[in-house]
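For reference, the structure is listed below as structure tokens.
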Amino acid sequence: MQQIINFIIRNKTFLLFLLLFSISILFTIQSHSYHRSKFINSANFLTGGVYNTANNLSQYFNLKSQNKILSEENNRLKSLLFNSNNTTDSTFVDSTSFNKQYKFTSANIIRNSYAGTDNILLINKGIKDSIKEDFGVITSKGILGIINKTSTNYATVISILNTTSNISAKLKKTDHFGSLKWDAKNPNITQLTDIPKVANIKVGDTVVTSGLSSIFPKGINIGIVENFELDQAENYYEVNVKLFNDMTNIEHVYIIENIDIEEITNLLNSN
């Protein structure tokens with residue numbers, strides 16, 4: 001305390017000057033509108049910059065929670081999209097409000113594989129998240145694969161870049177369907193076989209899921225026709241499909257559960 005008093009005594013002239021100078025500036029600002037407006041603008045600029053920086057930092061550290069919110073919203077929108085019944089009937093009632101066939105769960109890829117012949121991926125959802133074998137896996141751009149095995153917290157996915165994968169797909173424009181397989185040559189290209197030669201196919205046509213299996217809903221994007229040719233018997237086209245997904249760079253995925261899959265499987269197995 002004594003040191004503070006000594007400091008004030010030693011610098012009393014300078015401190016008195018600062019006090020009087022501050023008072024004069026205050027009176028000037030209060031009595032002149034021009035000076036007052038300049039002071040307010042300067043203060044707003046400084047405080048605005050501080051708040052903007054703080055907000056940017058807050059947004060950065062909240063990216064994880066925001067991504068979770070966006071992911072949950074995407075789940076809801078995808079559920080509405082693939083559970084909706086498109087019809088022009090004026091008596092149509094939105095069945096999604098009481099009967100949803102497909103449920104979507106978001107997940108992250110924690111191990112990707114695309115350089116082998118039988119590629120398997122690992123995701124961070126498992127039994128505790130109600131994930132089971134034979135659930136479909138997609139991204140925002142297209143299909144990725146099918147759940148193969150599950151543990152408490154994780155699950156493996158048979159990638160479409162796996163020579164054992166066989167998924168029902170069709171030409172979006174003509175509805176001609178076939179089998180999507182991979183020849184293990186190019187991670188960006190898969191093969192669509194058994195497309196009849198009567199199909200009016202063109203380079204650039206979109207290929208989507210057919211909906212003929214109990215795993216994927218109809219109409220999920222796969223890729224576009226890169227090129228095509230008739231097989232040796234000249235009855236069916238062999239089509240190279242360029243994938244919408246960049247299979248070498250995948251992080252966020254969605255797991256698709258067909259709520260009716262058990263009923264459908266039991267019915268098919270009973271025949």
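What you see is a predicted model; the values in this text were computed from it and never measured.
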Residue set satisfying side chain to side chain donor-acceptor pair (under 3.5 Å) with T164, at least two apart, ordered chain then number -> N162
Per side chain to side chain contact (heavy atoms under 4.5 Å, CB included), I147 is matched among V157, I215, I158 by V157
In terms of heavy-atom contacts, D246 and I250 come closest through O-CG1, 3.3 Å
By side-chain contact (heavy atoms from CB on, under 4.5 Å), L122 pairs with (sequence neighbours left out) I110, R111, Y154, T156
Residues at least two apart in sequence or cross-chain that pass side-chain contact (heavy atoms from CB on, under 4.5 Å) with K132, listed by chain then number, are F135
Checklist line | Test item: side-chain donor near acceptor, N240 and Q191, under 3.5 Å | finding: yes
For residues 161-213, the ring-ring contact (aromatic ring centres under 6.0 Å, His included) pairs (sequence neighbours left out) are none
When rounded to the nearest 0.5 Å, the distance separating CD1 of I109 from OG of S159 is 9.0 Å
**Q.** Check against side chain to side chain contact (heavy atoms under 4.5 Å, CB included), L144 and I160
**A.** CA-CA 6 Å; L144 186 63; I160 56 175; 5.7 Å; no
Note: V207 and A169 closest approach over all heavy atoms is CG1-CB, 4.0 Å
Check: Is N245 reaching over with its side chain to a backbone N or O of M247, donor-acceptor style, under 3.5 angstrom?
Finding: no
Residue pairs passing the side-chain hydrogen bond (donor to acceptor under 3.5 Å, both in side chains) test with at least one member in residues 117-127, sequence neighbours excluded, are S113-N119, D118-T163
Between I195 and G178, the two heavy atoms sitting closest are CD1-N, 3.8 Å
Interatomic distance, NZ@K172 vs OG@S210, rounded to 0.5 Å, equals 14.5 Å
So NZ of K128 and OG1 of T150: to nearest 0.5 Å the spacing works out to 13.5 Å
* Asked: Does some side-chain heavy atom of I123 sit less than 4.5 Å from a side-chain heavy atom of I255?
  -> yes
**Request:** Side-chain contact test, heavy atoms from C-beta onward, threshold under 4.5 Å: evaluate it for V203 versus F228 and give yes or no.
**Result:** yes
Test side chain to side chain contact (heavy atoms under 4.5 Å, CB included) on T209 and I222; report intermediate values, then the result. CA-CA 7 Å; T209 53; I222 298 175; 4.1 Å; yes
Heavy atoms of A199 and L171 approach each other most closely as CB-CD1, 4.3 Å
N/O donor to acceptor pairs below 3.5 angstrom from side-chain atoms of residues 229-239, sequence neighbours left out:
unit_1: D231; atom_1: OD1; unit_2: A233; atom_2: N; d: 3.3
unit_1: D231; atom_1: OD1; unit_2: E234; atom_2: N; d: 2.7
unit_1: D231; atom_1: OD1; unit_2: N235; atom_2: N; d: 3.1

Contacts of D134 meeting side chain to side chain donor-acceptor pair (under 3.5 Å) (sequence neighbours excluded), chain-then-number -> none
**OP:** Check step by step if side chain to side chain contact (heavy atoms under 4.5 Å, CB included) holds for Q101 and N258.
**Re:** CA-CA 6 Å; Q101 184 179 355; N258 185 343; 3.3 Å; yes
Residues pairing under ring-ring contact (aromatic ring centres under 6.0 Å, His included) where one sits in residues 183-207, two or more places apart or in two chains, turn out to be none
CD (E226) and CG (L192) are apart, to the nearest 0.5 Å, by 13.5 Å
The remaining residues in the hydrophobic cluster of I189, counting side-chain heavy-atom contacts under 4.5 Å among Ile, Leu, Val, Met, Phe, Trp and Tyr, are none
Open item on the list: Do I256 and F104 make a side-chain contact, defined as non-hydrogen atoms from C-beta onward lying under 4.5 Å apart?
Closed with: yes
What one should report as the nearest heavy-atom pair of N166 and S179 is OD1-CB, 3.2 Å
Y114 meets the side-chain contact (heavy atoms from CB on, under 4.5 Å) criterion, sequence neighbours left out, with N112, L161, T248
N221 meets the side-chain contact (heavy atoms from CB on, under 4.5 Å) criterion, sequence neighbours left out, with T206, V208, F244
Here the salt bridge (Lys or Arg N to Asp or Glu O under 4.0 Å) pairs for residues 190-206, sequence neighbours left out, are K173-D205
Between the CZ atom in F216 and the OG atom in S168, the distance rounded to the nearest 0.5 Å is 10.5 Å
